[in-house]
Amino acid sequence: MPEITLVQAVNLALARAMADDPSVLVLGEDVGAEGGVFRATEGLLDRFGADRVLDTPLAEGVIAGMSVGLAAQGFRPVSEIQFTGFIYPTIDQLVNHASRLRTRTRGRLTCPMVMRSPYGAGIRAVEHHSESPEAMFVHVPGLRVVIPSSPARAYGLLLAAIRDPDPVVFLEPTRLYRAAREEVEDNGEALPLDHCFVLREGTDITLITWGAMTKETLAAADRLEVDGVSAEVIDVATLKPLDSDGLLASVAKTGRCVIVHEAPLTGGVGAEIAARIAERGLVSLLAPIERVAGWDTVMPLPRLEQQYLPSEARILAAARRVLAYQ
Amino acid sequence: MPEITLVQAVNLALARAMADDPSVLVLGEDVGAEGGVFRATEGLLDRFGADRVLDTPLAEGVIAGMSVGLAAQGFRPVSEIQFTGFIYPTIDQLVNHASRLRTRTRGRLTCPMVMRSPYGAGIRAVEHHSESPEAMFVHVPGLRVVIPSSPARAYGLLLAAIRDPDPVVFLEPTRLYRAAREEVEDNGEALPLDHCFVLREGTDITLITWGAMTKETLAAADRLEVDGVSAEVIDVATLKPLDSDGLLASVAKTGRCVIVHEAPLTGGVGAEIAARIAERGLVSLLAPIERVAGWDTVMPLPRLEQQYLPSEARILAAARRVLAYQ
Amino acid sequence: MTIGCAMPPLETIEEQPAITKPRRLSVPTAVARFEIRYSRFLDPKGNAERGLPDFARDRAELVALYRAMVLARRFDTKAVALQRTGRLGTFASALGQEAVPVGVASAMRAEDVLLPSFREHGAQLWRGVSPVELLLFWGGDERGSNFAEPREDFPVCVPVGTHAPHSVGVALAFKLRQEKRVAVCVFGDGATSKGDVAEALNAAGVWQLPVVFVINNNRWAISVPLAHQTAAETLAQKAIAAGIEGEQVDGNDVIAVREAMSRALGKARAGGGPHLIEALTYRLGDHTTADDASRYRSGSEVSARWAEEPIARLRNYLVAEGMWGKADEERLLAEITLTIERAAETYLATPPQGIETIFDFTYQTLPKDLAEQRQAALDPMALERAGK
Amino acid sequence: MTIGCAMPPLETIEEQPAITKPRRLSVPTAVARFEIRYSRFLDPKGNAERGLPDFARDRAELVALYRAMVLARRFDTKAVALQRTGRLGTFASALGQEAVPVGVASAMRAEDVLLPSFREHGAQLWRGVSPVELLLFWGGDERGSNFAEPREDFPVCVPVGTHAPHSVGVALAFKLRQEKRVAVCVFGDGATSKGDVAEALNAAGVWQLPVVFVINNNRWAISVPLAHQTAAETLAQKAIAAGIEGEQVDGNDVIAVREAMSRALGKARAGGGPHLIEALTYRLGDHTTADDASRYRSGSEVSARWAEEPIARLRNYLVAEGMWGKADEERLLAEITLTIERAAETYLATPPQGIETIFDFTYQTLPKDLAEQRQAALDPMALERAGK
Ligand SMILES: Cc1ncc(C[n+]2csc(CCOP(=O)(O)OP(=O)(O)O)c2C)c(N)n1
Ligand SMILES: Cc1ncc(C[n+]2csc(CCOP(=O)(O)OP(=O)(O)O)c2C)c(N)n1
Ligand SMILES: [Mg+2]
Ligand SMILES: [Mg+2]
């Protein structure tokens, strides 16, 4: 079983889904001969042909809108938005159409589409290439929002997203695309779309995160272990619908919680998680919840991006404050 | 001093701002001869002429984008998006340009624009005319988000928004447009853009809300009073930046809190408020925070919209649970 | 010179290139030429200006078109009346524009897919959506978009122009499956200003998809007249930007609309790619029941346009040709009145859905947290127990 | 017939209208005609095909254009080298396209406003943005967009086509203030597929605004060739949809670009409204330093295009006309090399901004909660104290 990167796992899942189901199509800017700017769709054109791997004109709105039309007709379009900085023109289609086609027609027409997009900072990219807008999608009823943080989860969650009968926004952390390798068996097995993943078990504090920040969060947990603190690390992974039970169970056990994300603090998905814990887990809380997040500023250009991103040090500091709280 | 409705107060503030400052322009679909579909811009074309009140082509994207260009050139465009269901095509311009023009040019170019839009449910409108997407804007660094809930606040906050040197999304609750009248003096006085408003003082529980839900929330507070409970009701009004101190001060006093909003629960602005209280106000909390919000479903068509909207009964039930908590 | 050579080599600089005398072309060369054509068959009085297309030689066909236009108008009249008496939501009448939806739908096949805007009930009715379903939709009930047929047609699209990209997807599905079906997307003149429409036209051109775009140009977008919507002389020329064919027809001549549609559909079905039809008509009524058009346009403009309206036009032709008389008219009106009244009764007698439906159709399977909300919404006792 | 009369009155039905014999028009009428023209002055070898415009009779003018193209190319070469050695971020070179930005900017006045895409450094340099500022931007430092001049020009626009609506706003500002200034918006062939561009063209037409749109058509949008971008024969015809004037020029002939721009700017300045210029060029290099164009296009296609590139073309003309020689070339290259090297040194010696700047420029005044975050970001001691 080969060790592959996260972006290779995406590629593997796409190929698998296309091989299994002729209704799966891949479309987007440069997904064909180019194989996607990150090579997530590499080889698919050769293998499946130009009828199933479509380079679109440069227009994200029509990529989203034609996905709705294709999906209503029974195809399963998997589109790629080149960077989340260019995903905003798709929001109208996602909110006003994709997410509600089922409910407005009372199930007559449905919208099994996936919109993939690399997201997040840390690769020294040019302006508008480093944002984390997941919260915007998490607020939209009828959408699913999924973010993998390892090759195996990328494979299993993407398969699940493609097979899901409803629209899914699938965000892939660019910073992790080639950061690590993992053995991934191409067995066609999907992962559930409504469960968070416990990356590391622990008893003293729960660290909740997703996407690329799993890296710094796991590092912080390692560091805490040196100090004799047992941190549980959870990768939320399926941000909508959110697995409240999974998160609450962990906080019930540890009584302490830090939430970590790259997106700006205010109105980030961390807020929803903190709110749910404050509503339902208050009794078990031994300390205030802390959120370690991107600042409420525009994502800076690369020279300052490392100072924008939550660092292991910031996570650690928050964890220690939470642990020290009496 | 005449008693006027909320939409008349909007009109009054627009006229005042235009009279005071020749750089203020009004633009949008049907804002001219029609005076806006809700008459918010009525009379402005006659008074200020076609150079300052511009009917645009039917394209929200270009309304937002040309506002950025006008603002960079020193104008203060106040655009109207006819309903928030049609605001999504503006998000690209708001996120990628308006909100960051100042920071990406390190202050060389700025973007003093206001985008007004009627929002919210309860007027039995057709599909896509009843949504409350404020959370999407609250997550965007560099934007301000303001929602008035009375004629006087509409007047004062809109003046402030127009005079503010940064971009403001100004959402007006359609359900309140003509729901009540209030004396509003046309004195050109703006209200601060970073303070919440205590609509009713109380000591036992804090009810936090904004927009049209102030109505049901105040009614619930009245009802609680009958039961001998003193509820403080806060209209957040300036949702971004959020006046944490004002909210925390109230919760510190009452120890109990219910947050009410129309938008879907998950990822709504209520989450951010609950999270901040859970982070900084945990010590003072005597009971879990509850959020009473729209369901996490697509806004139904009018026949079911009343069952979608948080009712006085739901607010009361939540308040009583919170009050009963030991 | 090899690839990657950033500057022309210095050595070649003295190799004096041959100088040719300027050829003094006085004007730049034309590299592309376009023409937009306009067609109609019946003039505003109902006189045939040209030989009619085959289908129009058949009385039954013409009467069917006439009936459909009258049905659409009567439906509108009833819907407006229901709205005025508080029994329907805001409604967009198509008064005076009936030839567009009817001309469009009558040329389509059942297996084609219609993607309508909010003013195309005439087309929906022709295709089999029932008046009851239409009333349910406009009355604020989602079941109105779950019509018994045509099952693959799109529901009414309220956000202007956003269905144009859908039609690209639908047409691509047909092309990929090698089905001889066509997607038909109808929108207004205002919609042509929206980027969605431009993006869709362009994408349809790239893949040469079987889709026909129809602009129901009623000259107004709420209060904005066409001249403020665009500087383009015709809306058909929006097609030129996408490299596809566009044409104009008299949208008050149902024969012209149907004939142009038939050609466009035939071309698309045969693999000839997309087509844009601008149908010139006029909105005789208010924008919707929430609108008062007298605020922004003169009564005289409107009354002048009554002389061009499509129903009288076709009726005049039918009567002149001896195909229609007072008795036919009375019979038709009676039949349609009955249909509409029965539909209204059925609509009014339909109880609203339960609130659980808004949860049950959000996803195919109900997520856990939504199940809890569903429970709360369904259980007023929960509120009671909480002490109200 | 009066307004509001929903159906033609029954009484009129028997008033048999006059029947006219069908006029049997065999074809529909043409209602609008359009033509796209193409112009150039120098053929690919540098031979003048037509009499040159006035400015091109002046050696100093031509040399200035030549210098600007060489500067742009040398800047690109340096930037790519810096990127390759890890000292600059991803960079988009304009190799082979220099005539477009230089032709565009050289026709503009200082008080006009340029809204560039990410491949128009040539234009920015001409207008006074320093190479240091450009390197700062591409090196990931916001100060690069705070150029000392031209103060009102827009920063580089990375999201494709989204600056087109800005140019509408800028031009509207000029028109409202009755200033004789013009907004110039440059974007690529790929951008013409975006709704933003269509919306902007249309809006500019409606208000007849002083704005010139320039399509830098380098035939590729990353890996997507023009033929997959649109079915339109030319991109200039995108103007037709908006009812504005469009034309095509040889974008590798700097004289043609400048001449067309001068006409368009003159027209706009005189109140004649917007204009679209499609400049046909070719991207000789990779899309950006992150791209490998050999994945999707053949080397032979690229090498064939080298024969048309703009710098050699103008140099050939200058040399043939006796306006330029080896010594001039050597002097120019030395001067430009020095300029660029010094800029690179200054760039590399510029320390990054403090993290506080990202807070200080989010709003004009720092909100309370952001002030707290600023404090936390600035104070590593806070982390220390917390126990790291
Ligand atoms: C994107 C969007 N913006 C605004 C509206 C509000 N609105 C509804 S209809 C309409 C005018 C539409 O004009 P047109 O396209 O000509 O169609 P018509 O109503 O004339 O049939 C507007 C502005 C909308 N529905 N969608
Ligand atoms: C809206 C948007 N989508 C995608 C991208 C990613 N991207 C950057 S450049 C580019 C191609 C642009 O092609 P074109 O407009 O022809 O300009 P060129 O790069 O050829 O100069 C793409 C797809 C982007 N920057 N913006
Ligand atoms: Mg119209
Ligand atoms: Mg290009």
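In what follows, chains carry the letters A, B, and so on, assigned in the order in which the sequence lines appear, proteins first and then strands, with residues in each chain numbered from 1.
Ranked by heavy-atom pairs shorter than 4.5 Å toward chain C, the options D:G205, D:S39, D:A198, D:A30 are led by D:A30. Of the listed residues (C:G243, C:A256, C:A227), the one with the most heavy-atom contacts under 4.5 Å to chain D is C:G243. When the candidates D:K194, D:E199, D:E233 are compared by the number of heavy-atom contacts under 4.5 Å with chain C, D:E199 comes out ahead.
Listed by chain and number, the residues in a side chain to side chain contact (heavy atoms under 4.5 Å, CB included) with D:A231 are C:Q208 (sequence neighbours excluded). Residues forming a ring-ring contact (aromatic ring centres under 6.0 Å, His included) with D:Y66 (at least two apart in sequence, or on another chain): D:W324.
Taken from CD in D:E35 to CD in C:E35, the straight-line distance is 12.0 Å, to the nearest 0.5 Å. Here the NZ-NZ distance, from C:K238 to D:K238, works out to 12.5 Å after rounding to the nearest 0.5 Å. C:T77 OG1 to D:M7 CE: the interatomic distance, rounded to the nearest 0.5 Å, is 8.5 Å.
No donor-acceptor pair closer than 3.5 Å links the side chain of C:D196 to the backbone N or O of D:G195.
Proximity to chain D is absent for every atom of C:L318, based on heavy atoms less than 4.5 angstrom apart. When heavy atoms are compared at a cutoff of 4.5 Å, D:I240 approaches chain C by way of both its backbone and its side chain. Of the two parts of D:T230, the backbone and the side chain both hold a non-hydrogen atom closer than 4.5 Å to a non-hydrogen atom of chain C. D:T234 touches chain C through its side chain: at least one heavy atom from C-beta onward sits under 4.5 Å away, while N, CA, C and O do not. The parts of D:A32 that come within reach of chain C are both its backbone and its side chain, each placing non-hydrogen atoms under 4.5 angstrom from that chain. Proximity to chain C is absent for every atom of D:R305, based on heavy atoms less than 4.5 angstrom apart. Interface residue D:Q248: only side-chain heavy atoms are found under 4.5 Å from chain C. Interface residue D:R315: only side-chain heavy atoms are found under 4.5 Å from chain C.
Taking every heavy atom of both residues into account, D:R73 and C:P8 meet most closely at NH1-CD, 4.0 Å. Between D:N202 and C:Q229, the shortest heavy-atom contact is ND2-O, 2.8 Å.
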